[in-house]
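Here the structure comes first, spelled out in structure tokens, and everything after it is commentary.
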Amino acid sequence: MSNTDFALAVEDLTVAFDGFKAIDSLTLYVDRNELRVIIGPNGAGKTTLLDLICGKTKASAGSIKFKNTELTGMAEHKRVRLGIGRKFQTPSIYENLSVFQNLEVSYPSGRSVLGALAFKCTDQVKARVQVVAEDIGLADRLQTEAGLLSHGQKQWLEIGMLLMQEPELLMLDEPIAGMSSRERELTAELLKRISQNRAVIVIEHDMDFVAQIAHKVTVMHQGKILAEGPMDKVQADPKVIDVYLGH
Ligand SMILES: Nc1ncnc2c1ncn2[C@@H]1O[C@H](COP(=O)(O)OP(=O)(O)OP(=O)(O)O)[C@@H](O)[C@H]1O
């Protein structure tokens, strides 16, 4: 039985590639307004799990419900429209456009008739760009060409482009890779801020960063969940130390 209060309910999810189960009967629930971090050794299935949730990969069996709507079998763009945003490791911003323009083009126009009408209301778009730019710490860079931003700022801009669509579930794969320590601190603050009104799932290897941001940690191993709970409990779990943290 699913609990309909969860933002995301994944139940008995399995995907097999040529008989190899990269995700193996996995069950996971994420609350609304929760920041969940997924950790685990290379090949544990973390990225594949996010691929299944966003629709990049098709499940072999099991269920993925978002706000109680079944996602398996639904096309990727429809999942985006339902409110699922996914950020990959390499930023896919428009380098030749300004920060403002990057955010502006990300304003959802086709989500609904109302959305299409709203697109014509440029004041509304501008207001949304301003809110998001402040959220991602780029409000004083709106006219800067995106290609001139630092690596960290590019990552934040891409998060901002996703935020323009007001996703209710945002998934990020190793968001601090390649960032300076100051950029990491700012990213931790950003993620904490944006998880106040949406569910956020982050895949991360940096344990200090995980400890800073996670409400709850899920440890994956061989396509299954090895442990789940608050960071201190997970870190002290001998099974987790054995397969991941001890290495
Ligand atoms: N499209 C695919 N075809 C075949 N095998 C795949 C495919 N995608 C993933 N796999 C396999 O599934 C397993 C899980 O991979 P996945 O990338 O999800 O792990 P991960 O936990 O994200 O690892 P990392 O921390 O290295 O990113 C790996 O053994 C991988 O080789």
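Throughout, residue positions are numbered sequentially from 1 according to the sequence presented. All ligand and atom numbering here is 1-based and tracks the order in the structure.
- With values rounded to the nearest 0.5 angstrom, Met179 atom CE is found 12.0 Å from Lys154 atom NZ.
- For atom 13 (C) of ligand 1, the protein comes within 4.0 Å by at least one heavy atom.
- Within the 4.0 Å heavy-atom shell around ligand 1 one finds Gly43.
- Close contacts between ligand 1 and Pro41 involve ligand atoms 21 (O) [criterion: under 4.0 Å to a heavy atom].
- Residue Thr48 approaches ligand 1 through these ligand atoms, each under 4.0 Å from one of its heavy atoms: 9 (C), 14 (C), 15 (O), 16 (P), 18 (O).
- Listed for the Lys46 side chain is a donor-acceptor partner under 3.5 Å among the backbone atoms of Gly40.
- Applying the 4.0 Å criterion to heavy atoms of Ala44 picks out, from ligand 1, the atoms 19 (O), 20 (P), 21 (O).
- The side chain of His205, and not its backbone, has at least one atom closer than 4.0 Å to an atom of ligand 1 (non-hydrogen atoms only; side chain from C-beta on).
- Atom OH of Tyr94 sits in a sparse spot, with 12 or fewer heavy atoms from other residues, nucleotides or ligands closer than 6.0 Å.
- Ile201 CD1 to Ile38 CD1: the interatomic distance, rounded to the nearest 0.5 Å, is 5.5 Å.
- When distances from atom 22 (O) of ligand 1 to the protein are checked, a heavy atom turns up under 4.0 Å.
- A distance of 12.0 Å separates NZ of Lys87 from CG of Leu50, quoted to the nearest 0.5 Å.
- Within ligand 1, the atoms closer than 4.0 Å to a non-hydrogen atom of Asn42 are 23 (O), 24 (P), 25 (O), 26 (O), numbered from 1 in the order shown.
- Other residues, nucleotides and ligands contribute only 12 or fewer heavy atoms inside 6.0 Å of the NZ atom of Lys78.
- For ligand 1, none of its N or O atoms has an N or O atom of Phe17 under 3.5 Å away.
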